[in-house]
Amino acid sequence: MDLRSKFETPGDTAFFTHLAISDDGKKILLADYERGVILLTRSAADWESQLLFPSLMLGLEEDMRAALDEDQGFRPYCDMIHAALSPDGRFVALGTQMDDHHVLRLSDDGRSSVYASLECLSSYPHDACFSDDSTLIALNSCHFYGGATLVSSLSAICGLNVQREQQQKVQTVLNDYLRVYASGYLPASMAGVDQGAFLLAGAGFATCVTPSGRVLWEIEFGSSAGSVDVCPETGRVLIASHSGMLHLFDPSKRQEVPIFAGYQAPLEERRWLFWDRLERPIVW
């Protein structure tokens with residue numbers, strides 16, 4: 001399928017800020033500030049696409065009309081837009097600055113329905129992350145450079161609709177200070193605990209915390225996170241930052257004192273420096 005023909009207007013490029021693929025490879029989630037959240041589902045003949053956000057399904061009629069303005073083209077401009085796809089391809093979590101946390105349930109053919117809508121703990125929704133077994137969801141909200149992250153089982157939030165008193169019964173506070181820019185999930189083999197752990201990367205720090213709220217380690221990397229990648233095969237974690245650096249960590253080993261700032265900091269095996277004024281990246 002040619003994404004450009006479906007989502008570009010003249011002069012644009014097919015650039016998306018979020019991309020996720022289900023474990024079976026049959027669903028792809030795309031998101032950015034101008035196009036919204038788009039789900040691609042593999043059919044027998046081709047890839048089918050649908051717009052998940054802005055959506056009349058979530059009650060955002062005014063935003064939907066603005067996004068589909070024929071004179072302006074498709075331009076929702078969704079501030080702080082983010083989206084996550086559960087590894088099993090059954091759920092999508094999304095949000096923007098203008099609204100609440102939303103969780104959608106997906107059928108095998110990609111049709112969606114509202115599963116839950118949850119109130120923020122901080123001011124604005126900013127990040128979402130599923131556990132590797134697709135049973136847990138962590139939702140971050142922010143205010144300036146601070147924030148808070150809640151976790152709950154997907155089964156416990158089914159049918160909830162922005163009622164904080166109900167949410168408090170089924171959610172655990174994972175972190176109460178990070179505005180999360182990028183996140184991932186470490187399986188038990190990498191976390192060293194049976195339940196695995198969420199990796200939350202914010203402005204300058206990344207913390208690895210179990211679903212019960214136990215901090216396993218924390219590391220300072222010096223800038224706002226751009227993206228996170230967790231590789232169970234190699235047991236390594238990559239964190240890219242807006243300082244132009246790429247950090248490679250081994251969570252099974254600890255960094256030596258005093259060359260780190262953090263708690264039980266993982267060993268940083270390698271770092272790449274990508275700056276425009278350099279002819280080639282520097283690595284050490």
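One-based numbering along the sequence shown.
In this structure, Arg35 satisfies the cation-pi test against Phe16, with its NZ or CZ atom closer than 6.0 Å to the six-membered ring centre and inside 45 degrees of the ring normal.
Looking at Arg270, its side chain never comes within 3.5 Å of a backbone N or O of Val283 through a donor-acceptor pair. Side-chain N or O atoms of Gln255 include one that pairs as donor or acceptor with a backbone N or O of Glu268 at under 3.5 Å. Proximity of a side-chain donor or acceptor of Trp275 to a complementary backbone N or O of Ser243 within less than 3.5 Å is detected. Of the possible donor and acceptor atoms, one in the side chain of His82 sits under 3.5 Å from a partner among the backbone N and O of Gly95. Under the 3.5 Å distance criterion, the side-chain polar atoms of Asn175 are left unmatched by any main-chain donor or acceptor of Ala148. Put simply, the side chain of Thr96 never gets that close to the backbone of Ile81: no donor and acceptor are under 3.5 Å apart.
Between the side chains of Asp127 and Ser183, at least one donor N or O sits under 3.5 Å from an acceptor N or O. Remark: the Ser117 side chain and the His102 side chain contain an N/O donor-acceptor pair separated by less than 3.5 Å.
Remark: Arg90 CZ to Lys27 NZ distance equals 9.5 Å, nearest 0.5 Å. We find the CG-OG distance between Leu139 and Ser122 to be 13.0 Å, quoted to the nearest 0.5 Å. Gln97 contributes atom CD, which lies 9.0 Å from atom NE2 of His126 (distance to the nearest 0.5 angstrom). In this structure, CG in Leu104 is found 11.0 Å from OG in Ser86, a value given to the nearest 0.5 Å. If you take NZ on Lys253 and CD on Glu269, they are separated by 6.0 Å, rounding to the nearest 0.5 Å. How far CZ of Arg42 is from OG of Ser22: 12.5 Å, rounded to the nearest 0.5 Å.
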Notebook entry, point to check: Are Thr172 and Leu150 close enough, and set up right, to give a side chain to side chain contact (heavy atoms under 4.5 Å, CB included), and what steps lead you there?
Noted result: CA-CA 5 Å; Thr172 299; Leu150 295 168; over 6 Å; no
Notebook entry, point to check: When you look at Ser224 and Arg179, which way does the side chain to side chain contact (heavy atoms under 4.5 Å, CB included) test go after all the steps?
Noted result: CA-CA 9 Å; Ser224 295; Arg179 171 177 175 169; over 6 Å; no
Note to self: If you apply the rule side chain to side chain contact (heavy atoms under 4.5 Å, CB included), what do you find for Gln50 with Ile38, and how did you get there?
What the structure shows: CA-CA 6 Å; Gln50 66 169 303; Ile38 298 158; over 6 Å; no
Notebook entry, point to check: Are Ser252 and Met190 close enough, and set up right, to give a side chain to side chain contact (heavy atoms under 4.5 Å, CB included), and what steps lead you there?
Noted result: CA-CA 7 Å; Ser252 69; Met190 293 180 65; over 6 Å; no
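When side chains are defined from C-beta on, Trp272 does not count as touching Met245, because their heavy atoms never get closer than 4.5 Å. Between Thr149 and Leu178 the shortest side-chain heavy-atom distance does not fall below 4.5 Å. Side-chain contact between Ile219 and Pro266 is present, with heavy atoms from C-beta onward closer than 4.5 Å. Side-chain contact between Leu238 and Leu246 is present, with heavy atoms from C-beta onward closer than 4.5 Å. Looking at heavy atoms from C-beta onward, Val237 lies in side-chain contact with Leu199 at the 4.5 angstrom threshold. Phe198 has its side chain out of reach of Cys208: every pair of non-hydrogen atoms, C-beta onward, lies at least 4.5 Å apart. When side chains are defined from C-beta on, Val103 does not count as touching Val92, because their heavy atoms never get closer than 4.5 Å. Residues Asp23 and Asp88 are not in side-chain contact: their nearest non-hydrogen atoms beyond the backbone lie 4.5 Å or more apart.
Counting all heavy atoms, side chain and backbone alike, Pro251 lies closest to Trp217 at CB-NE1, 4.0 Å. Shortest non-hydrogen contact noted between His247 and Ser241 is NE2-OG, 4.2 Å. Closest non-hydrogen pair, Gln264 versus Leu216, comes out as CB-O, 3.6 Å. Here the shortest heavy-atom pairing between Ser134 and Pro87 reads OG-CD, 3.1 Å. Shortest non-hydrogen contact noted between Gln195 and Ser212 is OE1-OG, 3.4 Å. Across every non-hydrogen atom of Ala84 and Phe130, the tightest pair is O-CE1, 3.4 Å.
Residue Tyr145 qualifies as open at atom OH: its count of foreign heavy atoms under 6.0 Å is 12 or below. The environment of CZ in Arg214 is sparse: at most 12 heavy-atom neighbours from other residues, nucleotides or ligands sit within 6.0 Å. The 12-atom threshold is exceeded at CZ of Arg254, counting heavy atoms of other residues, nucleotides or ligands nearer than 6.0 Å. The environment of CG in Asp24 is crowded: more than 12 heavy-atom neighbours from other residues, nucleotides or ligands sit within 6.0 Å.
Hydrophobic clustering (side-chain heavy atoms under 4.5 Å, transitive across Ile, Leu, Val, Met, Phe, Trp, Tyr) keeps Ile282 apart from Ile239. Hydrophobic cluster membership differs between Met80 and Tyr181, with clusters built from Ile, Leu, Val, Met, Phe, Trp and Tyr side chains linked at under 4.5 angstrom. Residues Tyr124 and Ile137 are members of separate hydrophobic clusters, defined by side-chain heavy-atom contacts under 4.5 angstrom among Ile, Leu, Val, Met, Phe, Trp and Tyr. Cluster membership for Val173 and Val209, using ILVMFWY side-chain heavy atoms within less than 4.5 angstrom, is not shared. In the hydrophobic clustering of this structure, Val215 groups with Val180; members are Ile, Leu, Val, Met, Phe, Trp, Tyr whose side-chain heavy atoms approach within less than 4.5 Å, directly or through other members.
Checked against the 6.0 Å centroid threshold, Tyr115 and Phe91 count as a close aromatic pair.
Residue Ser152 forms a side-chain contact (heavy atoms from CB on, under 4.5 Å) with just one option from Lys169, Gln167, Gln171, and that option is Gln171. Applying the side-chain contact (heavy atoms from CB on, under 4.5 Å) test between Leu106 and each of Leu85, Thr41, Leu29 identifies Leu85 as the sole match.
Between Arg111 and Asp109, at least one side-chain nitrogen of the basic residue sits less than 4.0 Å from a carboxylate oxygen of the acidic one, meeting the salt-bridge criterion.
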